[in-house]
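One structure below.
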Number of protein chains: 2
Amino acid sequence: MTYSISEVAKKLNLTAYTLRYYDKEGLMPFVERTPNGTRLFKETDIDALKIIECLKSTGMPIKEIKRFIDWCSDGDSTLQERYDMFLERKTAVKAQLEELNKTMELIDHKCNYYKTALDAGTEDIHRNNKIGTFN
Amino acid sequence: MTYSISEVAKKLNLTAYTLRYYDKEGLMPFVERTPNGTRLFKETDIDALKIIECLKSTGMPIKEIKRFIDWCSDGDSTLQERYDMFLERKTAVKAQLEELNKTMELIDHKCNYYKTALDAGTEDIHRNNKIGTFN
DNA sequence: CCTTGACTTAGAGTTAACTATAGGGTCTAT
DNA sequence: ATAGACCCTATAGTTAACTCTAAGTCAAGG
């Protein structure tokens, strides 16, 4: 079973433009073509794209993802680099989770602040522990 | 106690360029100036900037943050809008946390994959449950 | 046979968020 | 009083990641 570029785009919630852009940037050297040049995506290609999306979601720039893709092409000699890369990603994601949890706390506070103000009809209810004009 | 733009930049891990850019975009209408135009940041201004940074960290674009700042200037008539905004942010952050947790799981899998491969000296150890050429 | 629709490339354009430069003002310390 | 270290504005440049257009190829249906 193979898929066209627009089918894959739909599956991954991307556009065909974006997939071609990724290809141009060297993120998909594995995708095969029909004799006349049309891209044919295999299931494994889609799985690989999901990993790419995963790396992207950690904030990894496309150029670094390409470096990883290149390492994959290079075989066993780059196992250490790839392992290190994922360890580094793990650290990054852990930090992001911590950051996001702090953010969530602040947002919860703001929700309470505004709920109370809204019930009172005025922000003046927080007069004594307001930050300033902006809250 | 007031602070100069570069002191604030250092405190918030931003550059003075960035702070001036935020100001130009209307994110800091509350910052006062000396007679000759130099910005003077109060503690409460720094607290407000922290909220701005918090919103930014949820992926909120600067133009939407400005909308919130404008609402704050408008007073009690915009309490509902501001409450709704924070509820929406809360939903967004919750989704981001879920996404990031899934990402973390995948990355953990990859770490194990590469640890095993590295110990074996070859990726072939995963021959039977490999995705494709890229893993 | 010819139109329609999906594919192709090359390259231009867009957007957000900075980031830097030029040119000028002001304050402080020698 | 002049050098150095700040500050200011206006405006230009950069970067990443798309996003789109133009011009063309190809296969299927009427």
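Protein chains get the first letters and strands the later ones, always in sequence-line order, with residue 1 at the start of each.
Residues passing the side chain to side chain contact (heavy atoms under 4.5 Å, CB included) test with A:Glu64 are A:Met60, A:Pro61, A:Arg67, sequence neighbours excluded. B:Asp119 is linked by a side chain to side chain donor-acceptor pair (under 3.5 Å) to B:Lys115, counting only residues two or more places apart in sequence or in another chain. In this structure B:Lys63 satisfies the side chain to side chain contact (heavy atoms under 4.5 Å, CB included) test with no other residue, sequence neighbours excluded. Considering only residues two or more places apart in sequence or on other chains, A:Ser6 meets the side chain to side chain donor-acceptor pair (under 3.5 Å) condition with A:Ser4.
Applying the salt bridge (charged side-chain N to carboxylate O under 4.0 Å, His left out) test to every pair with at least one member in residues 84-93 of chain A, sequence neighbours left out, gives these pairs: A:Lys90-B:Asp108. The side chain to side chain donor-acceptor pair (under 3.5 Å) pairs that include a residue from residues 93-105 of chain A are A:Thr103-B:Ser57, where partners are two or more places apart or lie in different chains. Listed by first then second residue, pairs satisfying salt bridge (charged side-chain N to carboxylate O under 4.0 Å, His left out) with a partner in residues 50-61 of chain B read B:Glu53-B:Lys56, not counting sequence neighbours.
A straight line from CG of A:Asp23 to P of D:dA17 spans 16 Å, rounded to a whole angstrom. Going from atom CD of A:Glu32 over to atom P of C:dT8 covers 14 Å, rounded to whole Å. At whole-Å resolution of the value, CD1 in A:Ile52 and P in D:dC18 are 12 Å apart.
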What's touching nucleotides 17-21 of chain C from the protein side, N or O pairs under 3.5 Å?
unit_1 : atom_1 : unit_2  : atom_2 : d
C:dA17 : OP2    : B:Ile62 : N      : 3.4
C:dC18 : OP2    : B:Tyr22 : OH     : 2.8
C:dC18 : OP2    : B:Lys56 : NZ     : 3.3

*What string of B, S and - do you get for nucleotides 3-8 of chain D, 5' to 3', if B is base contact, S is sugar-phosphate-only contact and - is no contact with any protein heavy atom under 4.0 Å?*
---SSS
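Relative ring orientation between A:Phe86 and A:Phe68 is described as perpendicular, the plane-to-plane angle rising above 60° on a 0-90° scale split at 30° and 60°.
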